[in-house]
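For reference, the structure is listed below as structure tokens.
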Amino acid sequence: MHIRDFAISHPDKAAVIMADTGKTITYKELNERSNKLAQYFRSMGLQIGDHIAFLLENNDKFHEVCWGAQRAGLYFTAISSRLSPDEAAYILNDCGAELFITSHAKKDIAEGVSSKIPNVKTKLMMNGTIRGYRSYEDMIEPFPSAPLADECEGADMLYSSGTTGKPKGVKPTEVGLPIDTEDNLYNVLQNLYGFDSDVTYLSPAPLYHAAPLRYNMRVQRFGGTCVVMENFDAEDYLRLVEKFKITHSQLVPTMFIRMLKLPDAVRLNYDVSSLRLAIHAAAPCPLEVKKQMFSWWGPILHEYYGGTEGNGYCTTGPEEWLEHPGTVGKAVIGNLHIVGDAGEELPVGETGTIYFSDSKDFIYHNDPERTAESYNDKGWSTLGDVGYMDEEGYLYLTDRKSFMIISGGVNIYPQEIEDLLISHPKIYDVAVFGVPNDDFGEEVKAVVQPVDMALASSAFADEIINFCKENISRVKCPKSVEFMAELPRHPTGKLYKRLLRDKYWEGRESRIV
């Protein structure tokens with residue numbers, strides 16, 4: 001299905017509700033606005049397979065921009081609204097966008113970007129303008145709300161969040177398919193998760209990120225309603241579940257942790273019984289955190305593993321997870337392989353790099369070397385993550401390969417240590433990584449965000465190290481602990497670990513990317 005179908009069958013149903021303001025966009029409005037935008041794109045000479053980009057906060061026009069580009073057969077790149085002007089300009093130049101859309105709320109970034117994107121022909125700004133930008137609303141309004149004669153499927157071309165280096169653009173292999181073409185994600189949501197027109201979906205993350213953007217657009221392909229949070233807040237999330245009788249939502253483990261650390265009097269004050277399904281991904285969820293969520297929300301948690309690249313998809317339901325604690329599921333798109341450092345396929349239970357075969361190919365835009373590095377000689381592709389499979393084919397994530405610590409020849413995976421430390425009642429957030437050690441090559445370091453910075457002390461650092469020694473092998477325990485008021489996390493929950501590590505490796509030869 002497509003939003004145009006629901007504009008006919010239930011035109012006054014809410015397609016989007018903005019959580020803070022209550023601003024509602026109906027299917028009729030979303031259909032008409034996106035048609036106007038598609039007509040504008042074509043009038044500007046943008047043809048099927050051309051490229052636009054936008055940098056927007058979560059706002060009520062975000063989805064019309066996505067659908068306008070999608071139904072004009074364009075590639076569209078949603079850029080993080082939290083980047084610096086230089087970072088945003090890098091993506092704009094790399095993706096080859098001919099037209100750029102932003103908002104007055106992001107005028108500081110827009111102003112800094114303006115002189116650095118010479119190949120962008122048109123710059124639009126919504127909700128006000130600054131020098132160099134035309135009014136988005138004024139440009140779009142004169143165009144008809146009828147669909148294009150050559151309406152067809154476009155596709156997102158999104159960039160990785162850059163947690164291990166410069167962002168990489170993931171380019172789909174084709175656009176121009178019939179406008180109502182089904183895709184793998186649509187079928188997964190329908191067949192595995194039961195998405196339909198009755199879904200009321202709470203979206204707590206930035207819409208520019210792959211999973212929120214794609215899930216929201218698929219909810220609208222089912223004719224459901226998306227409730228979009230402008231920014232995530234743990235208590236506000238619970239309030240919205242109760243207020244809108246939310247049925248489905250997608251979160252990241254960091255959000256679970258934030259909610260679980262609310263005082264019980266606050267956390268348990270909200271009725272979340274309307275939730276039928278909560279999906280989570282983006283990072284491995286600590287076992288104890290997920291068990292606590294099951295105790296609180298019941299058996300409604302579904303987990304998946306996949307990436308912006310779309311080369312594979314693993315998922316597990318609550319019953320499966322309880323039988324296989326810690327798994328991210330079995331492959332439902334593509335086939336799984338665990339590969340060793342010499343390129344050999346590893347047996348059950350052994351840890352190696354995770355590869356997918358028999359699924360969608362992808363390329364990194366303007367980066368043939370990185371594309372080639374993601375494939376092996378069998379044509380299997382990897383996201384660079386590390387894990388193992390059990391005898392029944394369930395996958396368990398260990399870490400990103402680039403985060404693995406090698407200390408005295410022993411491979412140490414930070415995720416296991418982080419999962420333990422986040423269970424400590426005085427720890428709010430944590431990052432574990434390797435730092436130089438002249439004898440062993442690397443040693444384990446923990447950077448901790450306490451629940452209260454007043455706790456930061458050498459005594460608390462010793463307590464943390466001893467806590468690890470009581471629960472895991474001593475070789476995995478941090479040799480030192482540093483405290484920070486806030487760790488550098490992407491709004492989707494991903495940790496910018498390289499920002500923490502780089503200062504320790506400055507001036508050294510490092511195998512760590």
Contact check, side chains of L336 and Y355, non-hydrogen atoms, under 4.5 Å: no
Validation row: M217, D156 side chains within 4.5 angstrom (heavy atoms): no
Donor-acceptor pair between Y364 and E369 side chains, under 3.5 angstrom: no
Validation row: S81, P206 side chains within 4.5 angstrom (heavy atoms): no
K28/E32 ion pair, N-O < 4.0 Å: yes
Within-4.5 Å side-chain heavy-atom neighbours: I79 and L92: yes
D196 CG to M1 CE distance, which is reported to the nearest 0.5 Å: 12.0 Å
R239 and D233: CA distance, side-chain angles, deciding distance, salt bridge (Lys or Arg N to Asp or Glu O under 4.0 Å) verdict: CA-CA 10 Å; R239 180 186 65 80; D233 174 81; over 6 Å; no
Heavy-atom side-chain contact between N216 and F62 under 4.5 Å: no
Ring-face cation of K497 near F433 (centre distance under 6.0 Å, axis angle within 45°): no
Side-chain H-bond candidate by donor/acceptor type, Q70 with H2, under 3.5 Å: yes
Between E442 and Y504: side-chain donor-acceptor atoms closer than 3.5 Å: no
Sidechain N-carboxylate O distance under 4.0 Å for E373, K168: no
Side-chain touch H280/E303, heavy atoms, less than 4.5 angstrom: yes
Point-to-point distance, once rounded to the nearest 0.5 Å, from CD of E29 to CD of E64: 10.0 Å
Contact check, side chains of R258 and F232, non-hydrogen atoms, under 4.5 Å: yes
Chi angles and distances behind the ring pair (Phe, Tyr, Trp, His ring centres under 6.0 Å) call for F222, Y186: CA-CA 9 Å; F222 286 103; Y186 181 93; 4.3 Å; yes
Short side-chain donor-acceptor distance under 3.5 Å, H302 and T315: no
Worked verdict on Y375 versus F362 for ring pair (Phe, Tyr, Trp, His ring centres under 6.0 Å): CA-CA 10 Å; Y375 289 83; F362 66 90; 5.4 Å; yes
Side-chain H-bond candidate by donor/acceptor type, Q39 with N35, under 3.5 Å: no
Check against side-chain contact (heavy atoms from CB on, under 4.5 Å), I130 and H104: CA-CA 8 Å; I130 62 173; H104 199 261; 4.3 Å; yes
Neighbour count >12 (heavy atoms, 6.0 Å) for atom CD, E111: no
Check against ring pair (Phe, Tyr, Trp, His ring centres under 6.0 Å), Y193 and H248: CA-CA 9 Å; Y193 302 146; H248 295 63; 8.7 Å; no
Nearest-0.5 Å distance, CD1 of residue I279 to CG of residue L277: 4.5 Å
Note, D86 side chain near Y90 side chain (heavy atom, < 4.5 Å): no
